[in-house]
Every structure is written in structure tokens, then in C-alpha cells.
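Working notes for the structure below.
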Amino acid sequence: GNSVTQMEGPVTLSEEAFLTINCTYTATGYPSLFWYVQYPGEGLQLLLKATKADDKGSNKGFEATYRKETTSFHLEKGSVQVSDSAVYFCALNSGGYQKVTFGTGTKLQVIP
Amino acid sequence: ETGVTQTPRHLVMGMTNKKSLKCEQHLGHNAMYWYKQSAKKPLELMFVYNFKEQTENNSVPSRFSPECPNSSHLFLHLHTLQPEDSALYLCASSQDTLANYGYTFGSGTRLTVV
């Protein structure tokens with residue numbers, strides 16, 4: 001079956017540091033890949049997505065590249081801000097809602 | 001109002017109470033979902049509706065009863081819950097059940113069962 005593995009948190013960074021949150025996956029076929037962000041007290045928001053190999057999703061300074069050869073979709077940001085403190089979820093979709101799988105989330109704390 | 005709106009934001013209920021959670025979307029989406037988010041556990045898909053018809057009941061106990069009167073509204077009726085049902089309940093929608101563009105989530109209802 002499908003699975004998504006994320007690095008365990010919390011990840012604590014100083015403001016303006018470089019961010020990487022690792023995500024690897026196991027899936028049949030060619031899934032679409034997503035990153036969602038959940039701010040405190042809120043639901044999940046779609047941050048970015050990629051639908052095929054070598055695609056790069058980007059939004060709000062965050063980027064992730066769909067690497068089929070390493071089955072990875074790592075999230076990166078060049079300079080984090082305190083407002084980026086949230087929980088980040090990696091997810092895949094390999095064929096409709098029955099094949100949507102979420103990771104367990106990685107908490108990011110950015111300190112001034 | 002745009003997006004997915006959930007009410008109430010917080011709910012405390014006793015084990016013998018009956019309450020309902022409401023979800024509303026104004027995105028023109030045809031598929032709507034209930035998810036349960038518990039601490040340190042992956043998101044759990046509970047129910048799926050497509051064009052108002054239930055297409056998934058993911059082995060959810062009968063004390064949770066969904067209702068979808070139209071494509072814009074989704075309810076979750078709760079009765080005789082257990083303390084372990086305390087969690088964040090998230091409503092989501094997508095254009096269709098393929099969900100190729102991902103989900104739009106509401107802010108959730110934080111449920112505490114006492």
C-alpha cells in the first residue's frame with residue numbers, strides 16, 4: 001500500500017535560516033505529491049503540489065521537487081520567518097480519495 | 001464567504017449528549033469529506049460524499065452519523081460519544097473524488113468529550 005514518511009519534529013530554526021523537511025513515499029503508479037501547512041488552531045492549507053517527475057512546486061518562498069528516482073519530495077525554504085511556524089504535512093494521491101495518504105506531520109518552530 | 005467554513009470551532013459535550021458539526025463550502029466542489037485528526041496519529045478519513053451521495057464509510061462507529069443535504073453542506077451528527085473521540089474534526093472538499101488539485105480544508109471543530 002501507499003505510505004508517506006516525514007522526518008520527526010519538532011524542527012527548531014532561527015529566523016532567516018534555511019529549511020529542509022524531508023519526505024519520502026511509497027506508492028503504486030505515478031502519484032501526485034502535495035505539501036500542506038497547518039497553522040496553530042487552523043485546518044490544513046494546500047501549500048504546493050507537483051504532478052509528475054521533476055516538477056517543482058512552489059509557493060510563498062517554499063519549494064519542493066518531485067524526485068521519482070529517490071521517491072522524495074523534500075520541502076525547502078531559503079529563509080524562514082517566525083510566521084512560518086506551523087505543522088507541515090506531506091501527502092500523495094495515487095488515484096482519487098481512496099489513495100490519498102498523509103504523512104504524520106513535522107512541526108516547525110522558528111525563533112527570532 | 002469563500003473556502004470551507006466549519007462550525008462550531010470548539011465543542012465540549014458529555015457522553016450522553018447529541019450534537020452536530022456543520023461544514024459549508026462555496027467553492028463549487030462536488031466532493032466533501034470528514035477527517036479526524038488526533039494527536040500523534042495520521043489523518044483518518046471518516047466519510048466521503050460525492051454529489052451528495054455517500055461513497056465511503058471508513059469503518060466509522062455508528063455514533064458518528066453524516067448527512068449531506070446538498071453539495072455545499074455537510075453535517076456530522078454525534079451521539080453517545082466516548083472520551084477517545086476527542087479530536088479535531090476536519091471537513092474538506094475537492095472538485096471531484098479524484099482530488100487531483102488537492103483538498104481545501106476548513107479550520108476544524110475541536111471536540112472534547114467529557
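Residue numbering restarts at 1 for every chain, and letters A, B, ... go by the order of the sequence lines.
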[Y] reachable from [X] in the ILVMFWY side-chain graph, under 4.5 Å edges:
X	Y	result
B/F47	B/L98	no
B/M15	B/L76	yes
B/M32	B/L45	no
A/F73	A/I21	yes
B/L90	A/F89	yes

Exercise for review: Look at the side chain of B/R9 and the backbone N and O of A/G41, then say whether any donor-acceptor pair between them is shorter than 3.5 Å.
Suggested key: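 It does hold such a pair.
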
Review point. Counting N and O atoms only, with roles assigned by atom type, does the side chain of A/N93 sit under 3.5 Å from a partner on the main chain of B/G102, one being a donor and the other an acceptor?
Key: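 No: the side chain of A/N93 does not pair with the backbone of B/G102.
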
Review point. Just wondering, more than 12 heavy atoms not from A/Y39 lying within 6.0 Å of its OH?
Key: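 Counting neighbours around OH of A/Y39, more than 12 heavy atoms of other residues, nucleotides or ligands fall under 6.0 Å, so yes.
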
Check your understanding: Within a reach of under 6.0 Å around OH of B/Y101, are more than 12 heavy atoms found that belong to other residues, nucleotides or ligands?
Key ->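 Counting neighbours around OH of B/Y101, 12 or fewer heavy atoms of other residues, nucleotides or ligands fall under 6.0 Å, so no.
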
Which bit of [X] comes within less than 4.5 Å of chain A, counting heavy atoms only: side chain, backbone, both or neither?
X	result
B/Y33	side chain
B/Q37	side chain
B/S94	neither

Point to revise | Spacing of OG1 belonging to B/T55 relative to CD belonging to A/Q98, to within rounding of 0.5 Å | key: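 Reported to 0.5 Å precision, the distance equals 7.0 Å.
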
Review point. For chain B, which of A/T104, A/V4, A/T51, A/L44 has the most heavy-atom pairs under 4.5 Å?
Key: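 Between A/T104, A/V4, A/T51, A/L44, the count favours A/L44.
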
Practice item. State, to 0.1 Å, how close B/L88 and A/E42 come at their nearest heavy-atom pair, and which atoms those are. Key: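 Closest approach of B/L88 to A/E42, heavy atoms only: CD2-O, 4.3 Å.
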
**Study point:** Trace of the ring pair (Phe, Tyr, Trp, His ring centres under 6.0 Å) decision for B/Y35 with A/F102
**Key:** CA-CA 11 Å; B/Y35 273 89; A/F102 287 88; 5.8 Å; yes

Exercise for review: Measure distances from A/V100 to the heavy atoms of chain B and classify the residue's part below 4.5 Å as side chain, backbone, both or neither.
Suggested key: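 A/V100 touches chain B through side-chain heavy atoms alone.
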
Check your understanding: What do you reckon, are the aromatic ring centroids of A/Y36 and B/F105 less than 6.0 Å apart?
Key ->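 Yes, ring centres under 6.0 Å apart.
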
Using residues 10-18 of chain A as the side-chain source, report each donor-acceptor pair under 3.5 Å to any protein atom, sequence neighbours left out, with the distance given to one decimal.
residue : atom : partner : partner atom : Å
A/T12   : OG1  : A/Q109  : OE1          : 3.3

